[in-house]
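Heads up: the structure comes next, in structure tokens.
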Amino acid sequence: MRQRRDTPGPGQESVWDYPRPPRVEASSERVVVRLGGEVIADTTSSFRVLETSHPPTYYLPRSSFADGVLEPVAGSSMCEFKGRAAYLTLRSERASAPRAAWYYPTPQPGFEQLADHIALYPGMVDSCEIDGETVLAQDGDFYGGWITSRVVGPFKGAAGTLGW
């Protein structure tokens, strides 16, 4: 059973107000990703995927990543809504983050705008920032949500939350 829902303050969103199936929402927030002390992605044109009980997952245009940062790796997973995901290792000159990113080569209907966009686990890189605020990673090793002061939970992902 899930915890009591946190009450959003001014300018905040509750992840419990997000829909299921998820919604894709365009974002003009500035997103900066660092790995190995280097900026590996920077954009003001991303998508947020909003799903009940999850902090938003940001999908950045492939073109926002520095050259040579994205390295395809074997394996895939299936999302009932978005389709089959392929994985990527992120590399900078000084660091690598194996299987830290994913994308949908052929997104299912309703999620077509995610084509040619990359999501990543914020806990597997040095930092992710949204409009200058450093993101916290969603608990667990399955979901890739980005927690900022803009969203309140509780958030699915930690031990004991699978049944929410």
Side-chain angles (χ1 to χ4, degrees), residues 12-35 38-92 96-153 155-157:
Q12 291 183 316
E13 304 169 348
S14 170
V15 299
W16 293 95
D17 291 332
Y18 293 163
R20 186 165 172 85
R23 178 176 73 237
V24 179
E25 177 180 275
S27 174
S28 61
E29 298 163 296
R30 182 166 186 210
V31 178
V32 177
V33 179
R34 290 181 177 81
L35 178 66
E38 302 169 45
V39 172
I40 62 166
D42 190 342
T43 187
T44 56
S45 179
S46 62
F47 289 106
R48 298 189 323 149
V49 172
L50 310 176
E51 181 175 0
T52 305
S53 77
H54 301 281
T57 299
Y58 281 74
Y59 286 76
L60 288 57
R62 185 178 288 270
S63 61
S64 70
F65 287 83
D67 290 341
V69 166
L70 304 172
E71 178 182 298
V73 294
S76 66
S77 62
M78 185 68 182
C79 171
E80 65 183 303
F81 303 114
K82 296 179 284 294
R84 184 154 306 278
Y87 287 84
L88 301 160
T89 289
L90 300 174
R91 292 200 184 279
S92 70
S96 68
R99 298 179 58 84
W102 70 95
Y103 67 101
Y104 295 92
T106 309
Q108 294 194 127
F111 295 90
E112 298 89 350
Q113 59 270 63
L114 297 181
D116 212 30
H117 284 70
I118 310 293
L120 59 98
Y121 294 103
M124 296 180 77
V125 295
D126 294 353
S127 67
C128 296
E129 295 175 5
I130 300 173
D131 282 343
E133 181 180 353
T134 300
V135 169
L136 299 175
Q138 183 175 7
D139 282 342
D141 61 0
F142 183 74
Y143 304 109
W146 296 35
I147 301 172
T148 65
S149 59
R150 179 178 175 181
V151 295
V152 298
F155 308 112
K156 189 172 183 174

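This one's a predicted model, so the numbers in the text were calculated from it and none came from an experiment. Counting begins at 1 with the first residue of the sequence. What you see below is based on every heavy atom in this structure, not just the backbone, and it leaves out hydrogens, waters and symmetry mates.
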Provide the closest heavy-atom pair for [X] versus [Y] in the form atom of the first, atom of the second, distance.
{"X": "Gln108", "Y": "Phe81", "answer": "NE2-O, 2.9 Å"}
{"X": "Thr89", "Y": "Ser96", "answer": "CG2-CB, 4.4 Å"}
{"X": "Gly157", "Y": "Tyr143", "answer": "CA-CD1, 3.9 Å"}
{"X": "His54", "Y": "Val15", "answer": "O-CG1, 3.3 Å"}
{"X": "Val49", "Y": "Lys82", "answer": "CG1-NZ, 4.5 Å"}
{"X": "Pro122", "Y": "Gly145", "answer": "CG-O, 3.6 Å"}

(request) Check side-chain contact (heavy atoms from CB on, under 4.5 Å) between Ser53 and all other residues, then give those that pass, not counting sequence neighbours. (result) Trp16, Lys156
Heavy-atom side-chain contact between [X] and [Y] under 4.5 Å:
{"X": "Pro22", "Y": "Phe111", "answer": "yes"}
{"X": "Ile40", "Y": "Leu90", "answer": "yes"}
{"X": "Leu88", "Y": "Val73", "answer": "no"}
{"X": "Leu60", "Y": "Phe65", "answer": "yes"}

Going by side chain to side chain donor-acceptor pair (under 3.5 Å), name the residues that satisfy it together with [X], two or more places apart in sequence or in a different chain.
{"X": "Ser76", "value": "Arg84"}
{"X": "His117", "value": "none"}
{"X": "Glu71", "value": "Arg91"}
{"X": "Ser77", "value": "Tyr87"}

(message) Would Asp42 and Val31 count as a side-chain contact (heavy atoms from CB on, under 4.5 Å) here? Give the steps.
(response) CA-CA 6 Å; Asp42 190 342; Val31 178; over 6 Å; no
(request) Name all residues meeting the ring-ring contact (aromatic ring centres under 6.0 Å, His included) criterion together with Tyr18; count only those two or more places apart in sequence or in a different chain, and write none if there are none. (result) none
(request) For Tyr58, check ring-ring contact (aromatic ring centres under 6.0 Å, His included) against everything at least two apart and list the hits. (result) Trp146
Show me the donor-acceptor pairs within less than 3.5 Å that the side chains of residues 97-105 make with the rest of the protein, sequence neighbours left out.
unit_1, atom_1, unit_2, atom_2, d
Arg99, NH1, Ala74, O, 2.6
Trp102, NE1, Tyr59, OH, 3.3

(request) Please report the C-alpha distance between Val125 and Tyr121 in whole Å, then the side-chain angles of each, then the deciding distance to 0.1 Å, and finally whether the side-chain contact (heavy atoms from CB on, under 4.5 Å) criterion is met. (result) CA-CA 7 Å; Val125 295; Tyr121 294 103; over 6 Å; no
(request) Name all pairs fulfilling the salt bridge (charged side-chain N to carboxylate O under 4.0 Å, His left out) condition that reach into residues 44-62, sequence neighbours left out, sorted by first residue then second. (result) Glu13-Arg48, Arg20-Glu51, Glu25-Arg48, Arg62-Asp116
(message) Once salt bridge (charged side-chain N to carboxylate O under 4.0 Å, His left out) is applied, what residue pairs with a partner in residues 126-136 remain, sequence neighbours excluded?
(response) Arg34-Glu129
(request) Might you work through the side-chain contact (heavy atoms from CB on, under 4.5 Å) test for Val39 and Val33, ending with a clear yes or no? (result) CA-CA 6 Å; Val39 172; Val33 179; over 6 Å; no
(message) Please report the interatomic distance CD1(Ile147) to SG(Cys128), rounded to the nearest 0.5 Å.
(response) 12.0 Å
(message) Is there a side-chain contact (heavy atoms from CB on, under 4.5 Å) between Leu114 and Phe47? Walk through the geometry before answering.
(response) CA-CA 8 Å; Leu114 297 181; Phe47 289 106; 4.1 Å; yes
